[in-house]
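Scope of the values below: all heavy atoms of this structure, side chains included, with no hydrogens, waters or symmetry mates. All of these numbers come straight from a predicted model, not from anything done at the bench.
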Amino acid sequence: MMVPLLKHPEMNFGAITFFARQHKEDMCGSNGLPLTPNSIIIYGRAQKLKTIKSPYLCQYLDIIRGKHERTIVVCQYCGVPLSNYLEKKKFTLDGIKRIAYQILHGLKLLHERNIVHRNLSCENILLQGENIKMFNYGLYYLTDNAKLVSFPVVQLLYAAPEIYLDGIHNSLPNPAVDVWAVGIILIELILDKSLWSSLKVGQRIRKILSLLQSNSSVFERIAREHNAYEEYLNVPEDLKEMIESVLNIDPTKRPTCEELLRNKIFSQFQTEQDSGDKELKNFEIFTIHELYHWWQLAGGDVLQELKKQGLIRSSPPILSLPHLVLIEGNILGQERNPATLYDPRVVQMPLDTLYQRFENIPLSSFYPLIRIKSDIISQFEPQPYDATGLPLIIKERDPEYQFHRIILFRRLLHGYPFTKDLIRKEAEKDIPPLLRGEIWAALLDIKCDYKSRYMKLDKYSITPTDRQIEVDIPRCHQYNELLSSTEGHKKLKRILKAWVFQNSKYVYWQGLDSLTAPFLYLNFNDEAKAFACLSAFIPKFLYKFFLKDNSPVIEEYLAKFSQLIAFHDPTLANHLYEINFYPQLFAIPWFLTLFSHVFPLYKILHLWDKVLLANSSFSLHIGLSVLTQLRDRLLSSGFNECILLFSDLPEVDIEKSVVLSTETFKATPTSITAREHDNDEYRTKDEYDITGVTLSDLKRERYPRVSARDVIDMIRTNPRKILVIDIRNMVQFNRCCIINSINIPFSSVSFTENKIENVGSNSAILEHSKDKVVVVVGDEETDLELVFN
Amino acid sequence: MLAAVLTSFRQSVIFVCYHFRLLCIKLVLHRKTIYEKAFLCGRKAIGTLVIRDLTRKITSKLFLVNKIMATNRTGAAQRPNGATQGKICQFKLVLLGESAVGKSSLVLRFVKGQFHEYQESTIGAAFLTQTICLDDTTVKFEIWDTAGQERYHSLAPMYYRGAQAAIVVYDITNQDTFGRAKTWVKELQRQASPTIVIALAGNKQDLANKRMVEYEEAQTYADENGLLFMETSAKTAMNVNDIFLAIAKKLPKNEQTSGQGGSAQGRRLAEGDAGAKAPGNCCK
């Protein structure tokens with residue numbers, strides 16, 4: 001079947017490529033760290049462009065960094081450049097007005113976001129049907145006013161005279177230059193000619209500069225020079241006037257886009273447009289971002305396409321060797337690589353493989369039923385795409401599976417917060433990487449006013465924590481392009497400062513930066529959401545961990561960790577105890593940062609997918625799963641080897657860890673990991689809970705206490721898995737006891753030798769129930785320490 | 001001729017290094033003692049010891065050579081094999097100092113010969129070991145690399161308790177870190193074992209053009225307090241091995257020798273009773 005939705009003409013994209021300027025060898029910033037590569041700065045800046053959405057602007061999709069500072073910009077590309085129509089098809093005046101209106105509309109949006117196009121020309125305005133889309137409007141912005149590249153960002157012919165006067169590299173971004181360019185474009189369209197097309201570069205610039213001296217109208221002068229005075233005379237007065245005002249030599253006297261849009265000549269479009277400009281956004285089944293994502297999953301490779309089209313050529317390194325290298329590292333006599341100049345070519349990406357891959361997807365799959373599906377129907381309906389049992393990594397790279405998941409999640413997220421329960425349920429299966437940021441926010445119950453809340457917080461005042469934050473940020477997950485970019489550093493700093501400001505009872509502990517990193521990475525363009533996620537995450541999973549004196553909280557957590565190891569793996573626990581290998585020595589960064597300081601980002605994301613669905617005890621189970629994976633090595637090592645193992649944590653299979661920790665999480669009675677310092681908001685209390693255990697007691701006890709409720713639950717649900725030993729004396733035991741429990745009065749056992757036979761007649765039973773959970777029942781006076789020694 | 005060498009810059013580096021290797025071996029042959037030790041400790045020892053001797057003469061090439069040698073290293077801690085005649089001494093060493101002064105980088109350079117520009121911050125502490133040869137003794141350092149942030153201060157005693165040596169690190173481009181180093185020294189003098197060997201390291205010497213702490217100032221302070229002092233650079237490896245060697249030389253090495261395992265140090269640390277033990281008795 002055809003896929004008409006996917007083949008929408010607007011669902012196409014292309015790529016351009018250029019080189020960022022390379023830093024000289026061995027340059028250091030003021031903090032002694034190497035300078036951030038320009039391509040990374042560009043990468044960080046470009047993220048903002050991805051959020052710009054307008055019917056008249058091509059959407060930015062992706063930035064890819066290649067070797068040697070090569071930067072590739074992937075962007076929507078649909079339609080035909082206006083320049084292709086010149087001298088072929090004359091536009092009607094109405095058509096020209098429409099184009100002018102649409103350009104100005106797009107420019108207004110850019111200017112509102114402090115982005116100056118400066119690259120406007122007939123080449124990068126694409127016409128499709130009646131509507132235009134501007135392309136490559138972000139180049140000037142993302143190269144930080146062309147500072148980060150070695151070529152000028154300017155369209156010779158369309159550049160306003162002040163650009164040349166100020167010098168191409170020096171001028172500040174001024175939106176008035178875009179207004180000038182609109183004027184030139186309009187003249188081209190009206191005269192149906194590309195201006196000064198026969199002249200050389202230098203002469204063209206001279207022509208533009210000569211306009212500075214003209215006392216008469218610029219439009220008229222250009223028309224005369226192109227033997228088109230008659231056409232000029234035929235232009236209606238109001239349009240002529242507008243063009244004149246736009247082509248004012250003095251940039252301060254040019255009208256702004258907003259003023260121009262209010263011009264009477266656009267009255268026919270104004271009503272048409274402004275009505276659709278409401279807050280309410282239409283639901284889109286999928287966007288071009290998702291299409292691009294699926295295309296990549298289906299094997300699309302931008303780099304490869306560019307190579308195929310000859311935009312990326314590799315030359316043998318021997319040709320780029322310098323003639324002379326000084327001992328200080330200066331390189332001399334290297335010829336300038338022509339590839340470092342700007343290459344205006346655009347390569348459109350072929351979508352055929354994606355179409356083929358999605359050929360069999362029925363139209364109904366674009367409209368999944370969510371609430372009104374009865375269980376009976378769904379039973380007989382085949383699963384849209386069965387991927388159960390496949391490893392997570394494969395699922396995440398399967399285009400069809402991701403198609404179904406994304407279509408479904410987009411709908412659910414659109415209905416948030418009313419679909420909270422459904423999102424949770426689906427998230428338990430897996431989370432599609434493309435929408436992870438939004439799904440996490442939904443799982444963390446982020447309220448819709450998060451933006452205004454964040455805005456109110458002080459993120460700039462100087463505080464004593466600043467130095468610490470400043471030295472930590474440049475070391476926090478710096479292998480990641482987003483987090484190492486200048487924008488990323490700024491954002492992370494603001495979020496951390498806002499958090500410290502908001503939580504006056506907490507303080508900044510090293511590690512908070514790592515904890516913030518995943519949220520910032522996922523919500524790079526929505527700092528407020530990253531902050532909201534962090535603020536919701538900490539009380540839920542790391543309650544009180546960032547208190548100024550957090551040692552009781554951490555000590556309790558670590559004690560529980562030891563007990564959890566003892567509960568699930570007594571052999572390992574005994575070994576670690578014998579070699580004095582305490583969690584204090586290695587596990588603080590694990591739990592304080594919920595592993596975000598220990599693992600690379602991609603692992604954290606998978607881990608936290610599950611953490612967010614569980615509660616604050618889950619990280620204990622992750623810790624246990626890490627130990628389980630290293631079990632054999634730990635058991636055969638002494639103290640030094642063990643601690644070395646953790647100082648440089650070996651490769652841990654994260655999927656295995658997730659599975660293991662989910663298993664133990666489900667199999668562990670809740671009272672074992674229940675903590676005094678946990679957040680009351682997130683736990684249900686009952687009268688059988690264990691209370692009043694002091695920290696020192698807790699640290700002494702090697703085996704966990706279990707609440708009466710959990711014991712009863714275990715006996716009810718799985719009586720074979722449990723062995724109850726009653727150590728009270730006979731009298732008490734006979735008065736009342738748990739059914740099937742064994743009585744081994746404490747006083748009857750001698751502990752002179754550490755052998756199970758000493759227990760007496762019941763030792764055989766104990767011997768045979770090694771895989772069972774052994775519960776020891778005592779009375780209030782029982783000293784637990786004695787029992788377990 | 002010069003131009004010809006310089007055109008193939010990369011190749012020339014490798015070329016130089018091969019020459020160094022050859023030189024190393026020749027030099028070793030002349031000095032029998034070193035030769036023996038080097039042989040026992042494996043190749044890495046040849047690298048560290050001999051390169052050090054050599055580089056005194058040709059300092060400017062130190063960085064390049066060390067880099068190459070670093071890539072040749074394989075394991076972390078090198079164990080002396082059974083045939084050793086000399087003593088084996090174990091020392092517990094702790095690194096202290098303000099955060100981001102380069103404590104972890106110094107250790108990483110010393111233990112693995114690596115350097116990461118964006119070395120992650122240390123939370124809690126990290127533990128590493130490294131063995132070096134000193135005359136006829138094999139010295140094994142058990143290194144506790146601590147977190148720098150002031151807030152983690154409460155954990156620090158757990159690590160410096162029972163330590164026979166400490167390196168207090170500051171950043172020569174930041175005056176505040178030097179002040180912090182002084183408070184660390186004071187704390188050690190007050191709290192740690194009285195015989196502890198303290199070394200002061202002014203790190204980031206490669207950024208000497210941004211220097212805020214004068215060499216003389218730190219030297220005077222070190223002399224007054226009886227500290228070893230060196231300006232180091234984890235980035236270029238300058239003085240990194242030297243400072244550890246200097247500490248090893250200064251540490252008392254008693255006659256008792258036995259090949260006891262390392263877990264004793266761990267137990268000490270955990271129990272926190274090592275301060276009471278005879279501190280001079282470092283060799284087991």
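- Not a single salt bridge (Lys or Arg N to Asp or Glu O under 4.0 Å) links Asp145(B) to another residue, sequence neighbours left out.
- A donor-acceptor contact shorter than 3.5 Å is absent between the side chain of His597(A) and the backbone of Thr122(B).
- For Phe115(B), the CZ atom is densely surrounded, since the number of other residues' heavy atoms within 6.0 Å is greater than 12.
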Item to check | Stepwise side-chain contact (heavy atoms from CB on, under 4.5 Å) test for Glu98(B) and Val471(A) | outcome: CA-CA 11 Å; Glu98(B) 179 63 88; Val471(A) 297; over 6 Å; no

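- Thr465(A) OG1 to Gln149(B) CD: the interatomic distance, rounded to the nearest 0.5 Å, is 9.0 Å.
- A distance of 8.5 Å separates CD1 of Ile554(A) from CG of Leu155(B), quoted to the nearest 0.5 Å.
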Checklist entry - Stepwise, does the side-chain contact (heavy atoms from CB on, under 4.5 Å) test hold for Gln468(A) with Glu150(B)? => result CA-CA 9 Å; Gln468(A) 193 60 52; Glu150(B) 174 74 45; over 6 Å; no

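- Using a 4.5 Å heavy-atom threshold, the side chains of Phe127(B) and Leu644(A) count as touching.
- Interface check for chain A: of the options Gly124(B), Ser121(B), Ala125(B), the most heavy-atom pairs under 4.5 Å are formed by Ser121(B).
- Heavy atoms closer than 4.5 Å to chain B are found nowhere in Phe646(A), neither backbone nor side chain.
- Ring geometry, Trp509(A) versus Tyr152(B): the interplanar angle exceeds 60°, so the pair is classed perpendicular (tilted spans 30 to 60°).
- A heavy-atom distance below 4.5 Å is found between the side chains of Asn174(B) and Arg467(A).
- No part of Ser484(A) comes within reach of chain B, as not one of its non-hydrogen atoms sits under 4.5 angstrom from that chain.
- Note that OH of Tyr118(B) is 14.0 Å distant from CD1 of Ile473(A), once rounded to the nearest 0.5 Å.
- In this structure, His68(A) places its NE2 atom where only 12 or fewer heavy-atom neighbours from other residues, nucleotides or ligands lie under 6.0 Å away.
- Scored by the salt bridge (Lys or Arg N to Asp or Glu O under 4.0 Å) test, Glu120(B) finds no partners at all (sequence neighbours excluded).
- Side-chain atoms of Arg151(B) do not come within 3.5 Å of backbone N or O of Lys548(A) as any donor-acceptor pair.
- Annotation: maximal heavy-atom pairing with chain A below 4.5 Å, among Ile123(B), Asp171(B), Asp176(B), occurs at Ile123(B).
- Looking only at side-chain heavy atoms (C-beta outward), Gln119(B) and Gln478(A) stay at 4.5 Å or farther from each other.
- His116(B) has its side chain out of reach of Arg475(A): every pair of non-hydrogen atoms, C-beta onward, lies at least 4.5 Å apart.
- Proximity to chain B (any heavy atom under 4.5 Å) is shown, for Gln510(A), by both the backbone and the side chain.
- Within a 6.0 Å radius of CZ in Arg633(A), other residues, nucleotides and ligands contribute 12 heavy atoms or fewer.
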